[in-house]
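Worksheet for the structure shown next.
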Amino acid sequence: MASYSGLGKYAFVSYSHKNAGVVLDVINRLTSRGVHIWYDENLGPSDEYIEVIAEKVEKSDFFIAFLSEDSLSSRYCRDEIRFAYESGKDMMIIYVDRCELSAGYKMMLNGVQSFTLGNKIEKESIDK
């Protein structure tokens with residue numbers, strides 16, 4: 001499935017490629033309901049990755065971060081989340097698996113609506 005490339009409103013998705021199967025399933029469900037989603041699937045080898053990502057975050061109307069141990073260990077995912085937060089983006093967090101947030105990320109994401117996928121994890125285990 002291709003990432004959104006139009007001029008309308010869209011949500012930026014931040015995720016670890018190690019979680020692509022789960023993430024793409026959610027993206028498919030959202031796009032089938034008319035939500036435009038941009039994710040890094042269309043980046044080419046000659047693209048200035050960091051510039052494209054920053055521009056897409058800045059121009060997005062909403063930011064969705066899929067959090068997992070893999071995404072939290074990715075410098076790129078952490079940078080995307082921090083940039084969206086510092087840019088004042090409306091955000092949603094989707095927990096892919098049980099993961100431990102650092103104190104800084106707990107503080108930053110405290111007021112952000114979050115969901116967990118399936119019955120893999122319980123919300124209270126994330127809030128500890």
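All figures in this text were calculated on a predicted structure; none of them were measured in a lab.
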- Message: Looking at every heavy atom in both H17 and D40, which two are closest together, and how far apart are they?
- Response: NE2-OD2, 2.9 Å
- Query: Looking only at atom types and distance, does a side-chain atom of N28 sit under 3.5 Å from a main-chain N or O of L24, one as donor and one as acceptor?
  - Reply: yes
- Message: Taking ring-ring contact (aromatic ring centres under 6.0 Å, His included) as the definition, give me every residue that meets it alongside Y4, ordered by chain and number, with sequence neighbours left out.
- Response: H36
- Item | Qualifying ring pair (Phe, Tyr, Trp, His ring centres under 6.0 Å) pairs with a residue from residues 70-93, counting only residues at least two apart or across chains | Y49-Y76
- Task: Drop me the distance from I37's CD1 to I27's CD1, to the nearest 0.5 angstrom.
- Result: 6.0 Å
- Task: Nearest 0.5 Å please: distance from the CG atom of L109 over to the OG atom of S114.
- Result: 9.0 Å
- Item | Heavy-atom pair of closest approach, residues Y10 and K56 | OH-O, 2.7 Å
- Would you check if the side chain of D97 reaches a backbone N or O of E69 as a donor-acceptor pair within less than 3.5 Å? yes
- Contacts of R33 meeting side chain to side chain contact (heavy atoms under 4.5 Å, CB included) (sequence neighbours excluded), chain-then-number -> R29
- Pairwise distance OH(Y15) to OG(S74) - rounded to 0.5 angstrom: 11.0 Å
- Message: Test side-chain contact (heavy atoms from CB on, under 4.5 Å) on L30 and I64; report intermediate values, then the result.
- Response: CA-CA 12 Å; L30 290 170; I64 303 170; 4.2 Å; yes
- Message: Testing the basics here: between Y95 and L101, what is the closest heavy-atom pair and its distance to 0.1 Å?
- Response: OH-CD1, 3.5 Å
- Electrostatic pair R82-E86, nearest N-O below 4.0 angstrom: no
- Residues in salt bridge (Lys or Arg N to Asp or Glu O under 4.0 Å) contact with D90, at least two apart in sequence or another chain: none
- Not counting sequence neighbours, which residues clear side chain to side chain contact (heavy atoms under 4.5 Å, CB included) with F63? List them please. F12, S14, V57, A65, E80, I81, A84, K89, M91
- Who passes salt bridge (Lys or Arg N to Asp or Glu O under 4.0 Å) against E58, sequence neighbours left out? none
- Item | Over all atoms of both residues, closest heavy-atom pair of C77 and S71 | CB-O, 3.2 Å
- Query: Quick one: CG on L72 to OH on Y105, what's the gap to the nearest 0.5 Å?
  - Reply: 7.5 Å
- Could you grab the distance from atom CD1 of I94 to atom CG of N19, nearest 0.5 Å is fine? 11.5 Å
- Item | D70 CG to K18 NZ distance, which is reported to the nearest 0.5 Å | 5.0 Å
